[in-house]
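Below: one structure in structure tokens.
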Protein chains: 2
Amino acid sequence: MKNMGEAVNIKRLAQELNISIATVSKALNDSYEISLKTKNRVWNLAKELNYTPNPAASNLRSNKTKTIAVVIPCVANNFFSLSIMGIEEIARQYGYHVLIYQTHENIEAEKAFTNSLLNGRVDGILTSVSSSEYNSEYYANLVKKIPLVFFDRVYEDLDAVKVTTDDYEIAFEATEHLIECGCTKIAYLFGLENLPAGKARFAGYCDALKAHGIAVSEQLIVKYQDNEEFNLQQIKELLGKYKPDALFSSIEEFIIPAYCACREMGLQIPNEVKILSFSNLSTAKLLSPSLTTISQPAFEIGREAAKCLFKILNNKQLDDEQNIILKSVLTKRESTGC
Amino acid sequence: MKNMGEAVNIKRLAQELNISIATVSKALNDSYEISLKTKNRVWNLAKELNYTPNPAASNLRSNKTKTIAVVIPCVANNFFSLSIMGIEEIARQYGYHVLIYQTHENIEAEKAFTNSLLNGRVDGILTSVSSSEYNSEYYANLVKKIPLVFFDRVYEDLDAVKVTTDDYEIAFEATEHLIECGCTKIAYLFGLENLPAGKARFAGYCDALKAHGIAVSEQLIVKYQDNEEFNLQQIKELLGKYKPDALFSSIEEFIIPAYCACREMGLQIPNEVKILSFSNLSTAKLLSPSLTTISQPAFEIGREAAKCLFKILNNKQLDDEQNIILKSVLTKRESTGC
DNA sequence: CATGCACGCGAAAACGTTTACGTAATTAAA
DNA sequence: TTTAATTACGTAAACGTTTTCGCGTGCATG
């Protein structure tokens, strides 16, 4: 083992082997300009000295970072943490590093993060946007400046790849399921109302009601606020005043307040009120009673979004379609009782 | 607005203002060498042109990345996703970026990731180590090379900060709770057996039994495997053969198989068998029946670990103690029925 | 009037790569 | 044999910062 005193960089390798740093660099990058013999000498010494290229220098010169950013509302959410797993799996395959940024549904933070990524910190961005506003002008500009793929929570009509799920269809199907179980006063717990996903889910709900001759009632709609206690009170008020026979929750965050509200009001699930929710909760089947869910393929969404981004980064042709739509799954359990 | 054609860097700012790039750089960094008048000129133009420093160049020259890495087994785990939230909160305060690496309990991946971080990609590392092995030699070397803080899953006896919880005490307390509820044959669902946390939890369980004159029985111990079906079968076998009156689970991953096993065996919780588990599941109170949990302060652990790392990075004195121990909370619910 | 000293700023090197270009030696084509 | 092409490598510039050192000016001090 050679002297390990000084830092081991390309210069050091060149010195020890009595060749130029250009040759070392090219050898390390497996350039056709370098003979196999020389490459082997370089590779062996690099391994022996535990050489790894300095990323800052490499980034600076080549303008590539081998890093992507994931900008999402929150990590502590089953959907997003699963998405990250999918993203990470693909990133590993491509040898990329993954930066995480949480917006906490704050659009200013969202802008600040993405802006700070434009100076060459990352090669591309994967994002699921904040639900607090729908500000497509900002993103219309952003997608011109950096490769970006939206997943689940997207901005429509932008020149960017979007990976989503069949929100409308599955919400329609779920609503029909409730109707088939005998429900006629189906309340809707409304989340993501500013986003296409939220609107599609709501549209699926409305259209399913109409298709079965049921009117959509404003009174049966509760909108999500970022306040646990408030949501609980809203649902209790809904249950008390308008006596719905089902709660269709469009986001996971409503599950706990919905169950709690029913308990506190002494309402039996599913006998007196049925519950169905969008959710990636792994313990849905253990709830009391077990919860009928629409689960999105979060892991696959992450994988698919990451794959698209890497295709773009590698200048590969995207399969014509910019909108990738994956299927969600409706799993019927006790909370809808049939 | 000036010409936005070319890239906006320090050189560009210098040209427009007719000063040197050195002055611009110093002004941007608020150096005492520069007059307030010049600073203001620079700051204003920088803002106008939307200048942000190139991180690669900055990193290369200054050897600081304003980036930390979080190396954990898996994001899709309530404990870790909450930890990440805590870490992120602190990182934002310090203006740091956060890289995420998942080891999936694979020690080779763990080594590969951490090694790839030693070339100046990050300023420091936060990690919760893999449970598959206990290989402290590797980490003994690692902590000499880069600022590193362990959280929850740590290597002991190393010269590094470790943020953990009161595993022994809380496991003792939880076991006593089961005993007070009348249990005498308390089975132990053993996870993290290679790690200090896992050993401490088990020790707390054993000592509590002994303190109450109950012998520890090998037969009542089931060890975790990374195989859902296998764990389920093991627990069913345990329940069938040895008829324990309680299951004490040391990790969240046992909850679903434990509940399922009881259901499939037709055993009533908590009447015939009580269940208690370490867990950060937000829906613990909604389970059927609601689950008595030991919940670790995951968010705070992340915060605390990050704070320590930044203290180290800023050369601040650490409050003498290298071991920070936070308290877990035992929440009694229906599954232990008293 | 000479000396010393802040003050404000600039010149230039340095960080560790990548890469365009040049060049010498060897081989193939004419 | 001459010329062209290929192979294998080296030189040096470039990426955008930070930082050391030095210089000139103005002011106060002796």
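Lettering follows sequence order; numbering is per chain, from 1. These figures come from a predicted structure and were not determined experimentally.
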> Hey, does I87(A) have a side-chain heavy atom less than 4.5 Å from the side chain of F80(A)?
Replying inline: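 They are not in side-chain contact.
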>> Looking at R153(B) and S128(B), would you say the former's side chain and the latter's main chain have a donor-acceptor pair under 3.5 Å?
In response: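 Checking the backbone N and O of S128(B) against the side chain of R153(B), no donor-acceptor pair under 3.5 Å is found.
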>> Using 0.5 Å steps for rounding, measure from the CD1 atom of I100(A) to the CD1 atom of I72(A).
In response: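 So the CD1 of I100(A) and the CD1 of I72(A) are separated by 5.5 Å.
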> First contact, last contact: which nucleotides of DNA chain C are these for chain B, 5' to 3', heavy-atom distance under 4.0 Å?
Replying inline: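 Range of nucleotides touched by chain B: dG8(C) to dG16(C).
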> Should we count NZ of K11(B) as having more than 12 external heavy atoms under 6.0 Å?
Replying inline: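 No, because the 6.0 Å sphere around NZ of K11(B) holds 12 heavy atoms or fewer from other groups.
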> Which part of the nucleic acid does I19(A) contact within heavy-atom distance under 4.0 Å: base, sugar-phosphate only, or nothing?
Replying inline: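 It contacts sugar-phosphate atoms only.
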> Separation of I21(A) atom CD1 from dA13(D) atom P, in whole Å?
Replying inline: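 My rounded result for the distance is 12 Å.
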> Through what angle, rounded to 10 degrees, does the axis of the helix from dC1(C)-dG30(D) to dA30(C)-dT1(D) turn between its ends, using five pairs per end?
Replying inline: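 What I find for the helix from dC1(C)-dG30(D) to dA30(C)-dT1(D) is an axis angle of 50°.
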> Are side-chain heavy atoms of N115(A) and Y138(A) found at a separation under 4.5 Å?
Replying inline: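 Yes, side chains in contact.
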>> Short of 4.0 Å, heavy atom to strand atom, which residues of residues 54-64 of chain A count as contacting DNA chain D?
In response: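 When residues 54-64 of chain A is checked for heavy atoms under 4.0 Å from DNA chain D, the hits, listed by number, are L60(A), R61(A).
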> Which pair of non-hydrogen atoms, one from L99(B) and one from H97(A), has the smallest distance, and what is that distance?
Replying inline: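 Shortest heavy-atom contact: CD2-CB, 3.8 Å.
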> Please give, in whole Å, the distance from dA8(D) P to I34(A) CD1?
Replying inline: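 Answer to the nearest Å: 9 Å.
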>> Are V161(B) and L309(B) packed together at the side-chain level, in the sense that at least one heavy-atom pair is separated by less than 4.5 angstrom?
In response: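 A side-chain contact under 4.5 Å is absent here.
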> Would you call the rings of Y134(B) and Y155(B) parallel, tilted or perpendicular, where under 30° means parallel and over 60° means perpendicular?
Replying inline: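 Ring orientation of Y134(B) relative to Y155(B): tilted.
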>> Is N29(B) close enough to dT18(D) that one of its side-chain N or O atoms is under 4.0 Å from OP1 or OP2 there?
In response: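 So the side-chain polar atoms of N29(B) do come within 4.0 Å of the phosphate oxygens OP1 or OP2 of dT18(D), strictly under.
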> When you check the gap from the basic side-chain N to the acidic O, do K64(B) and D123(B) get nearer than 4.0 Å?
Replying inline: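 No, this pair does not count.
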> Can K162(B) and E156(B) be said to form a salt bridge (charged side-chain N to carboxylate O under 4.0 Å, His left out), step by step?
Replying inline: CA-CA 8 Å; K162(B) 305 162 208 69; E156(B) 291 176 318; over 6 Å; no
Protein-nucleotides 23-27 of chain D N/O pairs closer than 3.5 Å?
none

> Do the side chains of F79(B) and I301(B) get nearer than 4.5 Å, heavy atoms only?
Replying inline: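 Touching, per the 4.5 Å side-chain cut-off.
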> Nearest heavy-atom pair of Q102(A) and F113(A): which atoms, and what distance?
Replying inline: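 Answer, listing the atom of Q102(A) first, then F113(A): O-CE1, 3.2 Å.
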> side-chain hydrogen bond (donor to acceptor under 3.5 Å, both in side chains) with R92(B): which residues, sequence neighbours excluded?
Replying inline: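 By the side-chain hydrogen bond (donor to acceptor under 3.5 Å, both in side chains) rule, R92(B) matches E88(B).
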>> Tell me whether D226(B) at atom CG has more than 12 heavy atoms from other residues, nucleotides or ligands lying less than 6.0 Å away.
In response: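 Counting neighbours around CG of D226(B), 12 or fewer heavy atoms of other residues, nucleotides or ligands fall under 6.0 Å, so no.
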> Of N18(B) and L28(A), whose nearest nucleotide on DNA chain C comes first from the 5' end?
Replying inline: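 Mapping each residue to its closest nucleotide by heavy atoms, the 5'-most match is N18(B).
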> Can you check the K66(B) NZ to dT17(D) C1' distance for me, whole Å?
Replying inline: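 Atom-to-atom, K66(B) to dT17(D), this comes out as 16 Å.
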>> L148(B) and side chain to side chain contact (heavy atoms under 4.5 Å, CB included): which single residue from L117(B), L158(B), L142(B) fits?
In response: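 Looking at L117(B), L158(B), L142(B), the match for L148(B) under the side chain to side chain contact (heavy atoms under 4.5 Å, CB included) is L142(B).
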>> Test your reading of the model: is there a side-chain donor-acceptor pair from S132(B) to the backbone of E105(B), 3.5 Å cut-off?
In response: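 Looks like yes, one N/O pair under 3.5 Å.
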>> Please determine whether a side-chain nitrogen or oxygen atom of S25(B) lies at a distance below 4.0 Å from atom OP1 or OP2 of dT18(D).
In response: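 Checking S25(B) against dT18(D): at least one side-chain N or O falls below 4.0 Å of OP1 or OP2.
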>> Does anything in residues 36-43 of chain B come within less than 4.0 Å of DNA chain C? Heavy atoms only, and list the residues if so.
In response: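 Under 4.0 Å from DNA chain C: T38(B).
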